[in-house]
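What you are looking at is a predicted structure, and each value in this text was computed from that prediction instead of being measured.
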Amino acid sequence: MSKCIAIDGPAGAGKSTIAKIVAGKLGFIYVDTGAMYRAMALYMIKNNIPKEDSEKISSTCQSADITIKYEDGAQVVYLNGENVNGLIRTEEVGNMASVSSTNGDVRKKLVELQQKLASETSVVMDGRDIGTVVLPNAELKVFLTASSRVRAERRFKELTAKGQECNLEKIEADIIERDNRDMTREISPLKQAEDAILVDSSDMTIEEVSDRIIELYKSKTC
Ligand code: DC
């Protein structure tokens, strides 16, 4: 029987870094659901769909074929047959994803894909609604968070390391705005599942957080 660990939390809390390590250590597959919402957002941008046109978003998402493959152990997202991994990590796509992911038809399509993946293999899945909607029976649910300042500083370091010019205050303001949108949307808002364990990574190292999650998983399943 496949096993699942659900990791939810706001943008920049370190979910993907941690989920990848935990999956590697337990021999599970890591599923990055944010990448699926980003691929869908890229499709909306490519088709010039305005953010505020929810009817167009609903109809357009029907012709987006999003598939996930694993190549050399890493998740690769295909959008209508094209590998879009290199195109979905921009602020523009992230901002569109934050809006298009509030659409019920987009969510229905992607939640089905996520549930299918988890039924076939053991997964560590990260996102916003994994513990509450996608995998309500996950063996372990973690709500991973950190203060908005710490999350902005992490993002600032990442962008400056890539040589991109950026402003810490602006990054923090964007993070707060995205949190608000993710937490207040009508469908599947970001919230801690009742049976999820809160882990605040503000003052923890990556290793401390991943060790803690593995410890929690073992204590729940052994
Ligand atoms: O985690 P991320 O920044 O790559 O996610 C991009 C957007 O997708 C984010 O604004 C919230 C949304 N998202 C979602 O609504 N549900 C998920 N399970 C994962 C991401």
Applying side chain to side chain contact (heavy atoms under 4.5 Å, CB included), can you list everything that pairs with [X], at least two apart in sequence or on another chain?
X	result
K157	none
T160	F156
S219	none

Tell me whether V134 shares a hydrophobic cluster with V123, the cluster being built from Ile, Leu, Val, Met, Phe, Trp, Tyr side chains joined at under 4.5 Å.
yes

Salt bridge (charged side-chain N to carboxylate O under 4.0 Å, His left out): which pairs involve [range], sequence neighbours left out?
range	value
residues 165-176	R149-E169, R149-E172, K170-D174
residues 130-140	none
residues 38-47	K46-E82
residues 52-68	none

Only distances under 3.5 Å count here; give the side-chain donor-acceptor pairs of residues 186-197 to other protein atoms, sequence neighbours excluded, each with its distance to 0.1 Å.
residue, atom, partner, partner atom, Å
Q192, NE2, A196, O, 3.1
D195, OD1, K141, NZ, 3.1
D195, OD2, K141, NZ, 3.3

Pairs where residues 75-95 contributes a residue and the test ring pair (Phe, Tyr, Trp, His ring centres under 6.0 Å) is met, not counting sequence neighbours:
none

May I have all residue pairs that pass ring pair (Phe, Tyr, Trp, His ring centres under 6.0 Å) and include part of residues 103-140, sequence neighbours excluded?
none

Distance-only criterion, 3.5 Å: show the donor-acceptor pairs between side-chain atoms of residues 9-34 and protein atoms not counting sequence neighbours.
residue, atom, partner, partner atom, Å
K15, NZ, G9, O, 3.0
K15, NZ, P10, O, 2.9
Y30, OH, D126, OD1, 3.4
Y30, OH, D126, OD2, 3.1
D32, OD1, G34, N, 3.1
D32, OD1, A35, N, 3.1
D32, OD2, R89, NH2, 2.9
T33, OG1, D126, O, 2.6

When you measure from the side chain of K51 to the backbone of M96, do you find a donor-acceptor pair of N or O atoms at a distance under 3.5 Å?
no

Remaining members of the apolar cluster that contains V133, side-chain heavy atoms under 4.5 Å
none

Could you tell me if Y43 and S100 have a donor-acceptor pair between their side chains, going purely by distance under 3.5 Å?
no

Taking 4.0 angstrom as the limit, do R212 and E208 come out as a salt bridge?
no

